[in-house]
Structure formats: C-alpha cells, structure tokens
Amino acid sequence: MIGHIQELIENALEHLAAKGEFNLAEPPTINIERTRSKEHGDYASNVALALAKPLKMKPRDIAEKIIGALTETSHVEKVEIAGPGFINFYLTDACRLQVLKRILKLKHEFGNKKLDSDNQITVEFVSANPTGPLHVGHGRGAAFGSSLCNILKKVGYEVHAEYYVNDHGRQMDILATSVWLRYLELCGESITFPANGYKGEYIVSIARKIRQKFGDDLRFSKAEVFAQVSPDEPAGGDKEKHIDELVMNAKDILGKGYNKIFKTAMKNILTGIKNDLEDFNVYYDQWFSEKSLHEDDTIDRALAKLEAGGHLYKKEGALWFNATHFGDEKDRVVMRENGIKTYFASDVAYLMNKFERGFDKSVYVFGADHHGYIPRLKAATKALGFDADKIEILLVQFAHLFKGKEKLQMSTRSGEFVTLKELVSEVGCDAARFFYVMRSHDQHLDFDMDLAKSQSNDNPVYYIQYAHARICSIMRKLEEQNMTHNIEIGHVSVELLVEEQELDLIKALSQYPETVEKAAANFSAHPVANYLRELAQLFHSYYNAHQVQIDNENLRNARLNLCLATRYVLADGLALLGSSAPKEMRSEDKKTV
RNA sequence: GCGCCCGUAGCUCAGUGGAUAGAGCAACCGCCUCCUAAGCGGUAGGUCGCAGGUUCGACUCCUGCUGGGCGCGCCA
C-alpha cells in the first residue's frame with residue numbers, strides 16, 4: 001500500500017515538474033508513514049514539508065498542488081492537507097477489508113516475505129562456555145536470539161543458527177580438573193577444593209557418573225595430586241597459579257584418563273545445555289566447535305592471512321594483531337609468549353570461516369559485558385579484507401531477576417545461581433520466553449518471576465494467549481448454538497463489519513507484516529511482543545462490545561472471519577517469539593475472586 | 001582515567017526527525033441472567049535528566065554537564 005501511494009506522489013511530482021510548476025534539481029525522497037491517529041487518515045506523507053525549502057514555497061501550497069495532480073485510484077477514498085502541510089490519505093473501506101481475505105487464504109504465511117538476494121544469514125547466540133548449566137543470564141540471549149531467527153526467517157532470510165562451543169582452553173581444563181577432584185572425594189580422598197575450581201552441585205553429579213563408569217581406576221592419592229602445587233588463595237597463595245598447577249598434575253598423572261574425564265564432563269554439560277534449550281523452544285542448525293578450528297588449519301590460515309596483510313608483529317615474545325590500525329583502542333595478542341593461541345585468535349578464525357561459508361550477514365548476539373569485543377571483531381574483519389558492514393553485533397543487556405521486590409544474584413563459579421531449567425520449570429516456557437523479549441534487547445530488563453508466574457491480568461503473555469483461546473472457544477461452541485462458519489459467506493459479507501472495534505482490529509491485522517519487517521530490519525524482537533499485546537487488547541475490547549454468535553448469518557460469518565484472521569495472526573506472532581498459542585485456558589484457583 | 005549503553009507518568013517500559021508523547025502495573029469509579037471476568041469501560045497521573053546547538057519541525061540528531069549500568073588481561 002505504501003508503495004502504491006508513493007507511486008501516486010511520484011507521478012504527481014513528475015507531472016508538476018513537466019508543467020513547470022515545480023523546479024526541482026533532483027527528485028526528493030518521499031516518506032510515507034502510517035498515521036498515529038485515525039483523525040489523520042491511514043497514511044501520511046511529509047513530502048510537502050520537505051519540499052518547502054528547495055521550492056521556496058509554503059508547505060500547504062505545495063501540498064495543494066500535489067493533491068491536484070494526483071491520479072484517481074480505487075484504493076484511496078480522500079486526500080487531505082493537515083497541520084503544517086501533511087498530506088493525509090484515507091483508504092476506501094473495500095481496500096481496508098481485503099486484508100481479511102488475504103489472511104484467511106495465507107494463514108500462518110501471512111506476512112511472509114521473500115528475499116531474492118543477500119538472504120544468507122547466520123545468527124550466533126548464547127555460546128556460553130560448556131562449564132556449567134545455563135543460567136537465567138543466558139536465558140535472555142537464548143530467547144532473543146531464537147526469536148530473532150524466527151523473525152528473520154519470516155521476512156525471507158535463510159537463517160543459520162549457531163552455537164559456538166568453547167570446547168578448548170584453560171576453562172575447560174579447570175572444569176575437568178574440578179570434576180576429577182570431586183571424583184577423588186567420592187573415592188574417599190579428603191582434599192581441599194581449590195578456590196578457583198567449579199563448585200556447583202552438577203560437578204559432583206558428573207563425578208558420580210565417572211565413578212560409576214570407571215570405579216577407582218582414576219584414583220590417585222592426595223599427596224600425588226597436590227605434589228609440588230603452590231598454595232591456594234586461602235592459604236596465602238595465588239589461586240590462578242594453584243589451579244593451573246593442579247591441571248598440569250592432573251594431565252601428567254592421569255595420562256589418557258584425563259581425556260576420559262574431560263570428554264565425559266563436556267558431553268554431560270553440553271547435553272544438559274542442549275536439553276535445556278530445547279525445553280526452552282530454542283534450536284540450532286549447528287553446534288560449532290572451537291576445537292575444530294584448531295584441528296583443521298583455519299586458525300593458521302587466518303593468522304597467515306593477517307600476516308600476509310602485514311597486520312601482525314612480534315613484541316615481547318608474543319604475536320600481536322595491530323587492531324588499533326582499524327579503530328580498536330589497543331592491539332591484541334593472537335599468540336602468547338608460551339606459543340598458545342589466544343581465544344581471540346579462534347574468534348578471528350571463526351569470523352573468517354563465516355565469511356568463507358558465504359553468509360551475506362553474520363549476526364552476533366553478545367551479552368552486554370562483551371561490548372569491548374565489538375571494535376576488535378570489526379578490526380579483524382577489515383584486516384582480513386572483508387566488509388565490516390556484513391557483521392552485526394547485538395548486545396543483550398542484563399536481566400535482573402526479581403521475586404517480587406527481592407533481587408536474586410547469580411554467579412557461575414560459586415555455583416549459586418538460578419538455572420534456566422529452574423526458571424522454565426517454575427514460570428513455564430511461554431511466559432519466560434515472552435518476558436525476556438518484551439523489552440528492547442539493549443535495555444536492562446527486570447524479570448519478575450512472581451509476575452511471570454501469576455495467572456492474572458498483570459501477565460501480558462496470558463493476556464495474549466487468552467485472546468487466542470477465546471477465539472478458539474467461540475469456534476468450538478458454534479455447534480452448541482446450532483451455528484456454522486462459512487468463510488465464503490463471510491468474505492462476501494465483509495462490508496457488514498462497520499463497528500469501530502471491528503475496523504480497529506482489521507487495521508491492526510493489516511499492520512502485522514510491516515511490524516515483523518520493522519523488527520527484522522532493526523534486528524529486534526520486542527516490536528512483535530508489543531504488537532501482539534495491542535492486537536490482543538483490540539480483540540478483547542471487540543469481544544466485550546459485540547457478540548459473534550448471532551443469528552444474522554451474513555454478519556456472523558463476517559465476524560467469524562475476522563476472529564479467525566485474528567487467531568492466525570496471534571498464533572503466528574506467538575510462535576515467532578517461541579510461545580505457544582493454547583486453544584483453551586483454564587484456571588482452577590482463579591474461579592472465586 | 002578512557003570507551004560503550006542507558007535516563008520518558010509513582011513503578012516497569014514503548015516511541016530510530018513530524019501533528020495533542022503512549023501502554024501495562026499500582027490508585028480510584030463502574031461492568032458477569034449474555035461466545036471463558038486470565039476480560040471490558042472510565043478517572044487521575046509528564047519541565048521526555050539538565051543546558052546549549054542543527055532543523056520549517058527535536059523525546060528522537062550533535063556538543064557539554066549530571067546520574068546509573070558495563071567494559072578496559074599474553075583470562076575464557
């Protein structure tokens with residue numbers, strides 16, 4: 001529709017230019033928007049205001065001339081000049097109503113777009129280290145990333161969702177060693193657990209599994225394990241040094257056994273993560289192993305490419321990338337003095353790998369605490385000779401978890417956190433998913449678990465789901481009233497929908513595609529959440545104001561068509577956000593209030 | 001100290017240059033003989049942190065100030 005109006009204005013301007021009324025050096029960009037209020041029609045253009053200066057004319061005079069030059073069209077009822085010089089377009093009823101037919105035909109495909117080119121996109125999100133279960137902090141990245149993938153798919157992208165698994169490096173060694181120490185405790189060794197080890201209960205549970213499988217095969221005495229290890233922090237030492245030496249001992253003593261523990265620990269945790277995400281309605285196309293970048297030659301090739309471009313140099317025994325040359329605040333080490341490649345080197349390799357796979361766009365969803373990585377990733381992209389505009393880094397701000405007024409804290413290392421699993425089992429997947437994305441991802445979020453759980457009108461997700469369930473209920477109960485729904489009769493009777501609430505609802509339905517498009521264009525999800533809320537509200541108002549199950553067959557079918565169209569859009573929108581659209585909502589403990 | 005993000009109603013937040021700044025919650029007043037009251041209608045609530053600037057027009061863009069969050073490792 002916007003395109004249609006744009007054409008009208010363009011033609012009018014050309015016409016006026018040809019007649020010599022307007023003297024324009026270049027055609028102006030024509031901006032057409034939905035009006036915010038009904039009194040301003042359906043669409044409005046500010047073109048007359050924008051032309052006021054170059055034409056040296058009054059905006060309202062320009063608007064008048066443009067309107068005079070517009071060609072007739074069946075879609076537009078009337079055109080008005082308003083305010084300082086806006087041109088407001090009022091659509092004909094027929095034009096407004098035709099969206100219902102469209103929705104009933106397309107169903108959940110209403111709003112789908114096709115992209116012919118530049119449609120390959122990868123979205124990487126969560127990518128938490130497999131050193132423990134996901135907690136509620138990861139939940140927001142998961143909910144947002146997954147919803148974003150759904151939205152991007154809807155507007156025509158071929159989306160490739162990836163989880164980058166950090167299965168390589170020091171943290172994983174600390175994990176394996178932590179598990180081993182717990183295992184030794186289970187074997188009866190009395191050891192002092194390191195300050196820097198992973199302390200969660202899940203570590204003990206993995207240790208238990210290892211003991212079941214391997215018995216005492218991996219047992220060594222406390223004296224051997226702690227041989228020549230410098231003191232831990234509580235004993236006045238350095239906790240980092242302490243744990244690193246423990247890791248070294250573990251590898252020496254255990255030999256091949258170390259790898260068994262390492263693999264069992266990682267597999268357990270990764271499986272847990274996968275399960276938690278699936279229970280959260282989050283799915284990936286690929287679990288990308290960091291280790292694989294080491295095992296094939298990707299890292300070496302990436303570094304070689306940087307080297308060839310003259311972007312690497314040696315300093316104090318380490319190998320550096322001159323990131324400052326590309327706008328970063330300091331240069332970054334890619335290989336340490338001890339010959340070990342840094343995590344950043346893997347990042348560069350992974351980045352290159354994404355470009356090599358030919359994605360038109362690579363989206364990274366990071367926690368806000370990683371914002372310092374943006375300049376260095378962009379720098380690496382440029383240094384590798386790729387287009388930095390092809391990577392899009394989105395920051396997801398922290399979610400503060402509340403139970404009513406009480407703020408809950410979390411920390412992985414101490415093992416004291418609310419896991420995603422716990423959250424989902426407590427408030428349910430639907431509410432959790434919705435709460436995480438109902439605010440802009442770059443905004444801090446207060447997540448109130450009590451509110452998410454509450455079966456009340458405070459809870460927006462139930463509010464939306466209830467609208468869907470109400471429609472299903474209307475359909476279900478038609479039979480009891482000896483009534484039927486005939487879509488064709490509804491189509492031909494559509495002009496009977498004249499009530500204010502009906503027209504408002506229809507207008508909102510027609511805005512669904514542009515809402516999704518806007519969300520996709522901005523790489524955001526919350527506009528969809530807001531939209532669904534508004535749509536549900538319009539439906540509830542309508543439901544209260546007018547009866548659908550009525551004897552008048554034509555009007556009834558027209559209204560049923562409207563209800564059904566609303567149901568499709570509600571269900572599709574909820575699906576984009578990873579929430580379900582129940583056919584029924586019942587509450588036992590809500591009966592008497 | 002440097003960098004990034006944020007400051008909108010009592011609270012939580014929408015509003016990526018346009019018309020009278022909007023929701024929800026909380027508060028107050030109403031509505032079930034009627035398709036689910038997890039609902040609806042109404043009232044009240046604002047110097048858009050402060051000060052300049054750009055513009056026909058600024059909550060929106062720029063600069064400074066102020067308050068809050070986060071980050072600044074040869075850690076991952």
Side-chain angles (χ1 to χ4, degrees), chain A residues 31 33 35-37 39-40 44 46 49-50 52-53 58-59 82-86 88 129 131 166 168-172 174 240 290 315-320 328-330 332-344 346-347 367-375 395 397-398 400 402 438-440 442-446 448 451 454-467 469-478 480-481 483 518 521-522 524 526-527 529-530 533-534 536-537 539-550 559 563 584-587 590-591 593:
Chain A
N31 196 6
E33 286 180 335
T35 55
R36 211 171 278 188
S37 115
E39 291 106 65
H40 301 131
N46 64 350
L49 292 161
K53 202 166 195 183
K58 285 181 187 164
F86 291 101
N88 293 338
N129 283 356
T131 52
N166 302 125
H168 184 269
R170 179 168 175 260
Q171 293 305 320
M172 291 307 298
I174 294 177
E240 304 289 348
E290 180 191 359
K315 193 178 91 182
E316 292 159 15
L319 192 59
W320 296 71
D328 197 2
E329 60 180 304
K330 51 184 80 168
R332 307 290 169 183
V333 172
V334 288
M335 195 181 343
R336 285 186 258 158
E337 199 175 354
N338 60 11
I340 294 175
K341 285 152 197 154
T342 60
Y343 182 86
F344 177 62
S346 309
D347 278 348
D369 53 336
H370 279 60
H371 71 247
Y373 287 75
I374 298 176
L395 295 177
Q397 296 289 336
F398 290 134
H400 300 288
F402 286 83
M438 71 182 181
R439 306 298 184 209
S440 171
D442 57 15
Q443 192 76 241
H444 290 274
L445 173 77
D446 286 350
D448 186 339
L451 177 60
S454 73
Q455 302 192 331
S456 73
N457 53 357
D458 317 359
N459 194 329
V461 64
Y462 290 136
Y463 182 85
I464 296 163
Q465 290 180 322
Y466 184 40
R470 268 186 155 170
I471 297 170
C472 294
S473 174
I474 292 171
M475 304 294 176
R476 206 166 40 231
K477 292 199 169 165
L478 274 177
E480 289 175 22
Q481 309 288 323
M483 290 177 183
K518 191 179 83 185
N522 294 329
S524 61
H526 73 281
N530 289 335
R533 195 172 204 306
E534 281 163 32
Q537 179 172 36
F539 179 76
H540 285 309
S541 296
Y542 176 47
Y543 180 93
N544 270 271
H546 302 285
Q547 189 83 7
V548 176
Q549 293 171 352
I550 46 171
R559 287 183 172 175
C563 288
E584 203 176 358
M585 297 192 84
R586 291 279 172 201
S587 171
K590 187 74 192 177
K591 274 268 164 65
V593 173

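FYI, side chains are in, hydrogens and waters are out, and symmetry mates aren't considered; it's all heavy atoms of this structure. So that the names make sense, note that chain A is the first sequence line, chain B the second, and so on, each numbered from 1. This one's a predicted model, so the numbers in the text were calculated from it and none came from an experiment.
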Discussion item. Distance check, rounded to the nearest 0.5 Å: Q549(A) atom CD versus K477(A) atom NZ?
Written reply: 8.5 Å

Worksheet, complete the sentence: R36(A) has its side chain closest, among rG15(B), rC35(B), rC6(B), to rG15(B)

Tabulate atom names and distances for all N/O pairs under 3.5 angstrom spanning the protein and nucleotides 54-58 of chain B.
residue: rC56(B); atom: OP1; partner: K53(A); partner atom: NZ; Å: 2.5

Practice prompt. Remember a base hit wins even if backbone is also touched, and classify A82(A) as base, sugar-phosphate or nothing at under 4.0 Å, heavy atoms.
Written response: base

Practice prompt. Evaluate the side-chain contact (heavy atoms from CB on, under 4.5 Å) criterion for residues M172(A) and N166(A): first the C-alpha distance (whole Å), next the side-chain angles of each, then the deciding distance (0.1 Å), finally the verdict.
Written response: CA-CA 8 Å; M172(A) 291 307 298; N166(A) 302 125; 5.8 Å; no

Item to complete: Find which nucleotide of RNA chain B each of H168(A) and A44(A) is nearest to by heavy atoms, and output the residue with the more 5' nucleotide.
Response: A44(A)

Worksheet item: Side-chain N or O of Y463(A) less than 4.0 angstrom from OP1 or OP2 on rC40(B)?
Response: yes

Item to complete: Could you work out the separation of rA19(B) and rC62(B) based on their C1' atoms and round it to a whole Å?
Response: 25 Å

Discussion item. Mind checking if K315(A) touches a base, just sugar-phosphate, or nothing, with heavy atoms under 4.0 Å?
Written reply: base

Worksheet, complete the sentence: Applying side chain to side chain donor-acceptor pair (under 3.5 Å) to D328(A) and not counting sequence neighbours gives R332(A)

Discussion item. Once you apply a heavy-atom cut-off of 4.0 Å, does H444(A) come out as touching a base, just sugar-phosphate, or nothing?
Written reply: sugar-phosphate

Worksheet item: Quick one: is rC74(B) close enough that its OP1 or OP2 comes under 4.0 Å of any side-chain N or O from R332(A)?
Response: no

Worksheet item: If you pin M335(A) and L395(A) to their nearest nucleotides in RNA chain B, which one's is more 5'?
Response: L395(A)

Worksheet item: Given side chains that start at C-beta, do those of W320(A) and V334(A) come closer than 4.5 Å, heavy atoms only?
Response: no

Worksheet item: So, do H40(A) and rA19(B) meet the stacking rule of ring centres under 5.5 Å and planes under 30°?
Response: yes

Practice prompt. State which of rC13(B), rG18(B), rC75(B) makes the closest approach to the side chain of Q171(A).
Written response: rC75(B)

Detail all sub-3.5 Å separations between protein N/O atoms and N/O atoms belonging to nucleotides 41-44 of chain B.
residue: rG41(B); atom: OP1; partner: S541(A); partner atom: OG; Å: 2.7

Worksheet item: What interatomic distance, in whole Å, is found between C1' of rC13(B) and the corresponding atom of rG30(B)?
Response: 28 Å

Worksheet item: Given atom CG of N544(A) and atom P of rC34(B), what is their separation to the nearest angstrom?
Response: 13 Å

Item to complete: From the options rC74(B), rA14(B), rC72(B), select the nucleotide whose nearest atom is closest to the side chain of E337(A).
Response: rC74(B)

Worksheet item: Are the side chain of H371(A) and the backbone N or O of A368(A) linked by a donor-acceptor pair below 3.5 Å?
Response: yes

Worksheet, complete the sentence: CD of Q397(A) to CD of Q443(A), rounded to nearest 0.5 Å, is 8.0 Å

Worksheet item: Should the heavy atoms of other residues, nucleotides or ligands under 6.0 Å from CZ of R476(A) be counted, would the total exceed 12?
Response: yes

Discussion item. What is the distance, to the nearest angstrom, from the CD1 atom on I374(A) to the P atom on rC70(B)?
Written reply: 17 Å

Worksheet entry | Interatomic distance at C1', rU33(B) relative to rA37(B), whole Å | 15 Å

Worksheet item: Taking a pair as Watson-Crick (N1 to N3 plus N6-O4 or O6-N4) or G-U wobble (N1-O2 and O6-N3), both under 3.5 Å, which stems of 3 or more consecutive pairs involve RNA chain B?
Response: B:1-7 with B:66-72, B:10-13 with B:22-25, B:27-31 with B:39-43, B:49-53 with B:61-65

Discussion item. Quick check for you: to the nearest 0.5 Å, what is the distance between L319(A) atom CG and E337(A) atom CD?
Written reply: 12.5 Å

Worksheet item: Given atom CG of L445(A) and atom P of rC11(B), what is their separation to the nearest angstrom?
Response: 17 Å

Discussion item. Nearest 0.5 Å, please: how far is OH in Y542(A) from CZ in R470(A)?
Written reply: 13.0 Å

Fill in: Polar pair under 3.5 Å, donor/acceptor by atom type, side chain H370(A), base rG71(B)
no

Discussion item. Under 4.0 Å, heavy atoms only, any strand: does E240(A) hit a base, just the sugar-phosphate, or nothing?
Written reply: nothing

Worksheet item: If you measure from the ring centre of F86(A) to the centre of the six-membered ring in the base of rA19(B), is it under 5.5 Å, with the planes under 30° apart?
Response: yes

Worksheet item: Is any side-chain heavy atom of H168(A) closer than 4.5 Å to a side-chain heavy atom of S346(A)?
Response: no

Worksheet entry | Minimum-distance nucleotide (side-chain atoms of E316(A) versus rG15(B), rC35(B), rC74(B)) | rC74(B)

Practice prompt. For rA14(B) and rC4(B), measure between their C1' atoms and round to the nearest Å.
Written response: 23 Å

Discussion item. Whether R470(A) contacts rA37(B) is assessed here as follows: a side-chain N or O lying under 4.0 Å from the phosphate OP1 or OP2. Is that the case?
Written reply: yes

Response to the item:
Value for CE (M483(A)) from CD1 (I474(A)), rounded to nearest 0.5 Å, stands at 11.5 Å

Practice prompt. Please check the phosphate of rC34(B) (OP1 and OP2 only) for any side-chain N or O of Q549(A) closer than 4.0 Å.
Written response: no

Worksheet entry | Inter-nucleotide P distance (rU63(B), rC2(B)), Å rounded | 15 Å

Item to complete: Please measure how far the P atom in rC48(B) lies from the corresponding atom in rC11(B), and state the result in whole Å.
Response: 16 Å

Practice prompt. Describe the nucleic acid contact of D328(A) in one word from base, sugar-phosphate, nothing, applying a heavy-atom distance below 4.0 Å.
Written response: nothing

Item to complete: Examine rC35(B): is either OP1 or OP2 under 4.0 Å from a nitrogen or oxygen in the side chain of H546(A)? Give yes or no.
Response: no

Worksheet, complete the sentence: Base orientation of rC32(B), chi within 90° of 0 counted as syn, else anti, reads syn

Worksheet entry | Any residue meeting side chain to side chain contact (heavy atoms under 4.5 Å, CB included) with D446(A), in chain and number order, not counting sequence neighbours | H400(A), F402(A)

Worksheet item: Between R533(A) (CZ) and rG22(B) (P), how many Å, whole number?
Response: 17 Å

Discussion item. Which nucleotide wins on minimum distance to the side chain of V333(A), given the candidates rA14(B), rC74(B), rC35(B)?
Written reply: rC74(B)

Practice prompt. Using a 4.0 Å heavy-atom cut-off across all strands, classify S440(A) as base, sugar-phosphate, or nothing.
Written response: sugar-phosphate

Worksheet item: When we call it a touch if two heavy atoms are under 4.0 Å apart, what does R439(A) touch: a base, just sugar-phosphate, or nothing?
Response: base

Worksheet item: Can you tell me how far CG of L445(A) sits from CE of M438(A), rounded to the nearest 0.5 angstrom?
Response: 6.5 Å

Worksheet entry | Side chain of Q443(A) (C-beta onward), nearest among rC35(B), rC13(B), rC74(B) | rC13(B)

Item to complete: Mind checking E39(A) for me? I need base, sugar-phosphate or nothing, with any heavy atom below 4.0 Å counting as a touch.
Response: base

Worksheet, complete the sentence: Closest non-hydrogen atoms of F86(A) and N46(A), given as atom of the first, atom of the second and distance, are CE2-CB, 4.1 Å

Worksheet item: Which class fits the ring pair Y543(A) and F539(A): parallel under 30°, tilted 30 to 60°, perpendicular over 60°?
Response: tilted

Fill in: Pairwise C1' distance, rG52(B) and rA9(B) [rounded to whole Å]
27 Å

Worksheet item: Using the C1' atom in both, what is the distance from rG45(B) to rG22(B), to the nearest Å?
Response: 13 Å

Worksheet item: Which listed nucleotide (rC5(B), rC4(B), rC75(B)) is nearest to the side chain of R170(A)?
Response: rC75(B)

Discussion item. Tell me every residue that passes salt bridge (Lys or Arg N to Asp or Glu O under 4.0 Å) with E240(A), counting only those two or more places apart in sequence or in another chain.
Written reply: R170(A)

